[in-house]
Structure formats: structure tokens, C-alpha cells
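Have a look at the structure below, then the notes.
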Amino acid sequence: MSLLRVDNISKSFGGLKAIQNVSISIRPGEIVGLIGPNGAGKTTFFNCITGIYKPDAGTVMFGDYEQEITGLVSYMISWRGMARTFQNIRLFANMSVLENVIVGAHKHIRSSLVDLLFPSKRSYADEMKFVRRAHELLEFFGIDRYANDLASSIPYGSQRRLELARALACEPKLLLLDEPAAGMNPQEKQDLLEHISEIRRQGISILIVEHDMKVIMPLSDKVVVLDHGEKIAEGRPEEIQKNPLVIEAYLGKQ
Amino acid sequence: MIKKQGLGSGVQGPGRKYLFFWPLAFGLFLILPLIDHSAYHQDVLVTAGIYILLALGLNMIVGYAGLLNLGYAAFFGIGAYTCAGLNLAWHIPFWLALPVAVVVTGFFGFLVGLPVLRVKGDYLAIVTLGFGEIVRIVFNNLDPITGGPNGLLGIEHPVIFYPVFNPSLIWKRFDFGVSSFPYYYLVFFCVILVAYFSLRLDRSRIGRAWIAVREDEVAAGCMGIPVPQVKLLAFGVGSSIAGIAGSIFAAKQGTITPDSFDFILSVMILAMVVLGGMGSVPGVILGGLVLSILPELLREFSIYRMLIFGLVMILMMIFRPQGFLGNVRRKYELTTR
Amino acid sequence: MNKTVSALSLFAILLFAAGCSKHDPVIRIGVSAPFTGDQASVGLTILRGTQLAVDQANAQGDVLPGYKIELVQIDDSHSPTQAVAAAKKFVSDPEVIGVVGHLNSSCTKPAAQIYHNARVAQITPASTNPEISKQGFDTFFRVCATDDLQGPKAAQFAFNELGARKVFIIDDKTTYGKGLSDEFAKAFIAQGGQVLGHQGITQGDKDFTPLLTKIRPMSPDLIFFGGLYPECSLIIKQARDLNIKAPVMGGDGIYDVTLIRLATPSASEGTYATMIGADVKALPQAQEFVKAYETKFGDVGSYSAYSYDAANILIQAIKLAGAPDREKVIQILKDGRTFPGILGQTEFDDRGDTKNKIVSVFRVRNGQWEHVRTV
Amino acid sequence: MELFVQQLINGLTIGTIYALIALGYTMVYGIIQLINFAHGEVFMVGAYIGLTAITFFGFVSGSTLPMAMLYLAVMLLISMAGSGLLGIVIDQIAYRPIRNSPRLVALISAIGVSFVLQNAVMLIYGPQDQGVPQIVPDIHFIFGDVTITLMQIMILAVSLVLMVFLNFLVQHTQLGRAMRATSQDHKMARLVGINVNWIISLTFFIGSAMAAVGGVLFGLYYHTVNFHDGYLAGLKAFTAAVLGGIGNIPGAMVGGVLIGLAEGLGAGYISSEWKNVFAFVILVLILLFKPTGLFGERVADRA
């Protein structure tokens, strides 16, 4: 029984067919890598699943009872336990690092307008709980020292990690990472590998889009390869590395 | 300089250093009418208080949620006409009409918010401008209900009863009447209440959601923030504040006419929010105060008043876009790009 | 950040400085009307009329031994809020003895309450809404006729003299315009005439061709316009462009030489207007007033004559009072004394309205307003 | 039936004037995505410059047709030049320093400029309405119940010529290509050697000059000019620009005419009290259901 099951989803912009009947399934606690040359449709696929685009065809099933979430609005999908990061960092630039993470927990904090004027113990306890949770996440990613700085003012690598922390604050069942290692130096990449495997140990399944084979291969239980919007291969990392179709897609014909 | 705090520590710039300043200002304005008895000064400050309320309300829509509203005077008008209508039609006293007016303007805020969700940035500004003009023309033409150009006359002033203990307990009746003194404290209390509400909002889940939506709608959506509902809430809450200001204005003025709620007023309030410092409650209060007092000071060369005001707007936008007490968050956004 | 603290204290000082005033002996007369915004053109005629009266009074030597008259002007930009603020500023200055004020009835009405509470005499040169004098304020006086006087007289003239039976009424959706045209309609129907329709236009609008095109097939005998000369001149010109022959009639708001210039003499030929009091041109002082006004300010505006008279009445009352005493001035104005002026003899009834109930009708003939008769 | 035709003519006349103003909004928005709030005032200033030009030359009204045409041409040229320069000055002073700031900052600055212009003209020329002498002879052509004045024909003719010329300039000339390139992408335009700042100034010049023509015709048609005319006419013209698809020049022309007709027919057949509401209702409806307007293209924002 899979946590996420995507059946031949396709999306095109005018004439351009971005993705064509791509199917993927992810079991709870599994890490799936999604690779492919630039313009293969990886980000479009991400955006279709997370509700930023409405797919033209195909279905997306998610969650324990495999409810259909095709075409739902992104915040509803997020409520069901799917969080994501972005290829080009989309942090809340003018909010503090801590606030960025707390925003991730928006769904969980129980506080309403009334609580503002007559704060109830419940809402205060909730707020404090998630502030502590946020600090834990920041410490987990080693960026707690920036807690009060503006998100836009911290170094690039830390911003990448902040996006991860913010996504985790949503308490997701499935985490979608869009090129988390882009622009990172080897040391940061190594930390990232440890962080991701630690996240998986907490039972969160992960779908990673990445170019850097040194990141994808050690992590993924299964790797799916896209090229020109179509799925051309799927399987264990070792098989994929030797698969002639994949090599041809990346390196072109011998 | 930036100290670490516990609950929802927002980024505080150097403003923290001047924390002593606000209780001082609070005390000064609390006792001001007792020392300076000039009716004119009090009247100017009451009008300034009403403008500050409007600026605080608009600040929630423009400052927090980043939804540019150029028709805010219409909500001010709806609040005033609701309070006046209730009072004239069924003699509902001010203290009952006020909450109803707040709810009604809040409701209209939602109503206007609904279609406006699909529109962004400049277009949002122009749709709300169109809405503001439509409401003013409706006020002017719906004679049976709004009294047309003559507006509504003879609105009762607020009345309070206070206990007096010569031998037995009797309730004395105090009518606010026309003098500005009682209104001064009514407005003063409302400003403090709304300012506190705004500050709490800024630190709360809802406030953060607004700012997140302002920063990046798509990312906010992916983080589970219900973007449409949050925007609607901003319009609703922001507009209901105009309901408070409208009711006080109607009760104090006694008569209201459509031309008090025109586009110029909407621009005035927006200028107060922007020049004061978007998103910064103290900034917006200062902006409201300055831009209410400035025209009075310029009263002498009255013909040049609006010319100077226009120049101030241009110069401020060029040299200090984040406003007098610019919230440090906004400074990064507005100046560096 | 200390820049902000210094800025704040600067404003506090400025605020208080603006409050206190110079202390050498002077009598002050306040004048308030819209000096900016879209109604500035009409509001400034009130400022200039009052200014002329004050300058002439000072030129003829001290009104009271040792006192010169000073004019305090406040722009209310036709907003009730600012009118109330202006009234409070006038009354809080002890040297202000009387006020020539407010153009729009919507401003005069709330301000009258302030003047009444502070016992300061107020004469409005222009607010014609009958409701204002019904508030029972003994400090309120008015030199212009009320709508409920001008309207019926105009209807009477239209029905009997012009023989109009079918009339179309247009008003500019202002307190003045609507009040006047409602009164005209009531009186015209009472006399057995027929009102084909009553439509409003927006003040400041320019294009009335759609409305006039709708009126043309109804072929009214007369078009009555409640409003001011800028819109009226456009209606007249556009009516002639659509070759609507029916004459146009209006109240004192359109009785202005600029109307003829804007609508062009040929188009405005045969336009009628009602005006308070006898024929101004006939009275000798009126000629001097017109000459003095034109040399100082240019064309005589719609309320220049009214505000000139209102200011002079205040000045005469102060002279009679013998001292800058607000209460005395009020009593003098109230006790039924007649004040000569260029509008004829002005006398106030117990409610403060002018007893000068004569209304004269004027007509445009080859480029000039010409007195027809009094009604 | 004649009633309908007459209303059509009324609507068309004012519609073309709105179109001329709308062109300025569309061009400026196309180039720097700025809603030039002060554009209504530039239209009003154009009318005043035209008026000053005639009084300066001491024109005697009611002269022969060819003389009238000469005077009209002189009046148009002077006000086009004057307003054009004004447009450039406004851009350099009020908009250039904040070119990269968010649009809210530029919008507030534009509102400030409109206050300054409005009050400056009031202080120079005085607040009362200025009478505009009758240059174009007052000839009516009557067909049954329908009358059309020579002035109306002049307005339609002049506007048509200018619109065709502008369309030609933008679509088929080297300069037009540069303008279209700049509106697509400033950076790329600079890379291919277009002096972007000069193009922006030129756009302001042309947009303001078009509005000036509208102002002069407006003054001649209504015979009065007031410092406050710019506000309402500006709002209506912006509605027209949005209706046609902001940034799209033919769209502005069509939008202007449609708004004029909507007002004319609305005031004629429904009620003149609600005349101004029709334009604003159309504005709100377009922005809600078709923000790109009739001819505008979809601006997709990518995730």
C-alpha cells in the first residue's frame, strides 16, 4: 500500500508537453530520487503534485486511505501532510528565521482572533510548544544562532537548511525536496545526507529531485528517471546507473 | 543589537532602544485635554484620533497582508451610515450601534474581499478604488435610505450614565454633546485598544500568516496557509476597524454627507500608513498624527496646503520609502531590490 | 533614531505655537468657505466679497477708536468636518467677533451649533437650505433667500409670465441644487403645471448630451436647473448644440456674468435667473461695488454681492455695539434693525432669515443680464 | 431610432477623447509597469496650455474655416510640446529615482504629483472655470432629428489620424520596435543597444502629447476648462485602458470608445445620476473576470 501513488499524470503549457503520463509510487518511509536532464519536467511534476499547477490528466492518490488529491489547492494538499522546498529558495525574506519556521506550523497552532484580546491558556501553550519545536528544528539544522536574523540576511547554505526546517515544521508525512543540494559545498552536502537520513529515520518518506549523483545514489531506495516529460526508467540506484537509456538521455548517443 | 526573546520574537530594529518613549507619549496625550483647554486643539486631536484608527485598520490590509486598498474611505462611510441609520430609524443608542456597525463593515470587508482575491498588486488597488467610488455615488444617489446629498441629519450623540452617591445611588446622565472633550477620551481609548490588538496580531499566527502571504503567496500556500481565507480575514478585520471610526465620526458630527468619504480621504489614510511606516504600529500612529496636524498647521496658507502635501508625498517616497518609523522588516524590502 | 524624537518634539511646539495669537488691539471677522478643491471657484467669491468690505471699512478710518478690522480666513473645502473645525478655531479666538460663513448648507448646519454654543454671530451669504434656520439658533443669520422662497417664486414666474406648462427639472445633487429644484417642482405642480422629469447630474461633470438628448423628444416648454453656473452654462450650450429651443431657468446660483461668457452669448440668449432683492444694477452703491470688485479681483462672482453685504452688516453691528462684544453684536442683529446694502434693505426675522422677500427675475439679452421684474 | 443614433454620436465623441488619454496610461504601463496616476492632470494641463496659446496669439473668434484650422493646428502643436515636456519632467523627478522600488511606492509618488499639478494650475490660473474661445465655427449638420456639430467631426477626425499614426509608429518603425522591446524586457533591450532611458522618456513624451490633444479638444468641445477636470476624466480613461488590455495600444483606443458609448447610452437610457457609476462598474467587472482586458495577453507567474 503506497503513501503516494501518481498514475500517468500529464501537463502541457500550450503546445509544450511538460510531462506525459508519468506514474510514481512511494511507500511510507521510502526515499525516492527523481532525476533527469534539465527541462525534463521534474519541477513541473513537483508543482502538479503540490497543487501549484492543475494536471491536465492523471490522478494523484495520497495518505493512509489513498484519498484523491488531484487538482486540490496547495494548502489543502499541505494539510494532508505533504510539505516541499523550492528549487529557487522561496523563504519569507522579511520575517525572522524563527518566524519562517513557525509559519510552517500554521495548521497546528490553535489560536484565533479572540485569543488576541483574551489570550486563552490553550493558545499560549500551543504557541510556546511550536516556538520550542521551531528552535529544536533550527538546532537540528545548526542554524539556531540566526533565529532572530532576517531570513534574507543569512548565508545561502543556511537558507537552504531553513527551507528544510520550515517544511518539517508542517509535520509532514511526505517531504518533497527540489534540488536541496544545489550550490552547496561538499561539506554542506555531507551534512545534508546525514540530515535526510535522520529525517527518514523519523518515518517521513521523501521524494528528492537532484542532479548530484553523489547525493541521490547513496540515499535513494528507488530512482525514477524523467526525460522530455516521460518516465524512461525506474529501479534501484545501481540498475539506473547502468541503464543504457539513462546514460543516453544524459550523455547523448555514443 | 538584536536581543533574543522568547515568544514569537519578531525582528526588532533599533526601535527597541526607544521603548521608554511610548509610555511617555501615552501619558502626555492622556492628560493633554486637562492642561490645554482650547476646543480647537481638542477637535483637531479627535479628528486625528479618528484618522489614526482608520490608519491602523488600513495597516492590517496594506501593511501586514500587502493588499493595496485604495477604497478604504468607503468602509469608513459604511460604518458611519450604518451607525447613523440605526440611530435615526430605530433610535438605537450609540453604544449598541457601534458593535453592529463594526460587524456590518467587517461583513462588507469580506464581501469586497471575495471577488478581489483573484486580482493582484496594481489591479487590486484600482478595483478597490472603483469600489470606493461606486459606494460614494450610491451614498449620494440613494436618497430614501442615505438622504442623498443632504446626508443624514440629527444623529444622537453618545450618552453615558454614571453612578452618583449623594445619599442614595442615582444614575446621572451625561450627554457627549458637541464639545470635543468626551470624544477625545472615547477616541483615545479606541486607539489604544486597536493598537494593542494590532501589536498582538503582528506576533500571532494570523499576523504571521498575513506577512507570509505578503512575502510570497505561493510559498505560503505550500506551507499550509489558506491564502484566500487569510486575505479575506485581512479585509474583514481591517474594514471592521473603519466601522469603529465611522460610528464615532457619525455620533460626534451629528450630520454625515457623502462627500466626507471620497477618494481623497482614501489616499490620505494610505499616505498615513505608508509615510508612517507600513506594518509598524507606532509608525502608523505617528503618521496619522502628523498628517492630521500638518494640514491644520498649514491652515494659514490654505490655498497652498494640498500643493505642499503632494510634494511631501513625492519626497518621502524618494528619500524614505519605509516611512518615519519604518519597520525594519520593510526597510530591507523597500530599499534594496 | 534620535531624528524621530526631535521631529516629534518639533511638531508638539508647532502645534502649540499655532494656537496662541498676537495681542495688539484688533477686531477679527472670520470667513470660511471652500477655497481649494472643485468648489473653490464659488467659495473664493465669498472670500473676496468679505475682503473688499473689510478693506473699505479700514480705509474709511477706525471702525471703533483704536481698532482695525482683520480678516481670518479658513478653508473648509466643503467638508462638514473641516467646517466644524474652522468654527471651533474661530470661536476659540476671543478677538473673532463675527463670522461670514460657509457656502454649503451641509457645512453651515453643523457649524451653526458651534457658533450658537460659543455665542458668536454667524451670517451665511449662500446656504439656502430652510432647515438650518429651523434649529432655533439666535446666532444664525442669513442674507440669501431660502429655497422655499426662491423656488415657488420662480415657478410662479415660469407658469404665469412665461406660460410654461411642461417643464423638465435638472439638479446638481447638492443640498442647494436639490433643495431649490424640489421646491420649484412642488410649486409648479401646485399651479397645475406638468413636470416631465427630474434628473440629477454630478457636479464637476462636463458631458450632459446624453441627458439632453433624452429630454429633446419630450419637447418641454422650459428646463429648470437647480445648481451653479459652471454646469448650467454647459447645459445651455449643449442644449443649443442639440437644437433644443426651450429656455433654461435657474436660481441665484446661475446669476453670474461668467455663465454668459462660458455658454457664449448666442446660446445663453433668453436664459432666466431669480435673484434676491431688487435690481442690484439700479442701486448707485451697487455700481461702485462692481467697479471696486472688478478692479481688485476681476469678474463679480455668484456670492460676491451677498458676502460683501454680510460683512458690511457685521461691521455696522460692531460699530453700533461700540465695543468688540460678541453678545451685543448678536442683540443688534436680532432686534429687527434694517441694514442698507447693495442687495437692498436687509432685516432679519426671529429665525435669522432675511425679511428681504423680494425676488427679482433677470434675463440674458444680447450678452447681458437684464432685470425683467420683481416677483 | 434617431435618439439612439444621437446618443451614439455623443458617446463616440467623448469616447475618442477618453481613448486619447488612455493611450498615455497604456504606453507608460507597458514600458515601466507604472499606473501613472498623474496622467489625468497632464491631460488637464494640455487643455490649459492650449488655452494660453490662443489668448497669447489674441485670436478673434468666428473667423473663416481655414484660419480656424491654422489656429487649431498651432494650439495642438504647442500643447503637445508643452505637455510632452511636462511628462518627461514628471518621469525624471518623481519616477526615475524610484524606478526599482515596489509599485506601491511609485503609486504614492504619482498621487503626489497629481496633487502638485492640480494645485499648481489652480494657483497660476485661479480656481474658476476658464472660458475657451470658439475657434472651430459653430456649425450644426442636421439630419432629421440627429445633429452633429463641426467640432464633433473635428474631434473624431483628429483622434483617428493620431491613432493611426501612433499605431504605425509603434508597429512599423525602428523606434516602435525599440519601444516594444523595452516593454518586454529592459535588460535585454539594453543588451541589444537600446538606450532604455531615452525610450522611457520618449514614451512619456508621446503619451503626454496624446493626452494634451485630448485636453485641447476637450476644452474646445466643452468651452470650459477647470483645474479639477483631470481627476474624473483620468479615472475614466484608465478604465478604458484596462478594458482594452493595459499595455495594448489598439486596446486603449477601443476601450476609450466603449467607455464613452457605455456612459452615453447608460446616461441616456438608464439615468444620468448614475452616469459615473457605469464606468466604475465596468472597471471592477473587467478586472475581476478578465484582468488582461479584451486584447491583453496573459502574464503567467511561474512557481
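Being a predicted model, the structure only gives us computed values, none of them experimental.
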Top residue by heavy-atom pair count (under 4.5 Å) with chain C, among [options]?
options	answer
I148(D), T149(D), T147(D)	T147(D)
L265(D), V132(D), L3(D), N10(D)	N10(D)
L232(D), N276(D), I14(D)	N276(D)

Checking [X] against chain D: side chain, backbone, both or neither under 4.5 Å from a heavy atom?
X	value
F208(C)	neither
K237(C)	side chain
R216(C)	side chain
T213(C)	both
L262(C)	both
L242(C)	both

Practice item. Have a look at M154(D) and tell me which of L217(D), T13(D), L72(D), I135(D) forms a side chain to side chain contact (heavy atoms under 4.5 Å, CB included) with it. Key: L72(D)
Study note, to complete from the structure: Highest number of heavy-atom pairs under 4.5 Å with chain D among I170(C), D207(C), I215(C) belongs to D207(C)
Identify which part of [X] has an atom lying under 4.5 Å from any heavy atom of chain C, answering side chain, backbone, both or neither.
X	result
I270(D)	backbone
Y221(D)	side chain
H223(D)	both

Polar side-chain atom of [X] near backbone of [Y] as donor-acceptor pair, under 3.5 Å:
X	Y	answer
Q118(D)	F227(D)	no
S109(D)	V105(D)	no
S127(C)	L103(C)	yes
S83(D)	M80(D)	no

Exercise for review: Mark yes when over 12 heavy atoms from residues, nucleotides or ligands other than F4(D) sit less than 6.0 Å from its CZ; otherwise mark no.
Suggested key: no
Practice item. Quickly, which of N104(C), D252(C), D171(C) forms a side-chain hydrogen bond (donor to acceptor under 3.5 Å, both in side chains) with Y176(C)? Name it, please. Key: D252(C)
Point to revise | N243(C) and H140(D): CA distance, side-chain angles, deciding distance, side chain to side chain donor-acceptor pair (under 3.5 Å) verdict | key: CA-CA 9 Å; N243(C) 64 50; H140(D) 303 216; 5.1 Å; no
Review point. Which distance, rounded to the nearest 0.5 Å, do you find between the OG of S159(D) and the CG of L23(D)?
Key: 9.5 Å
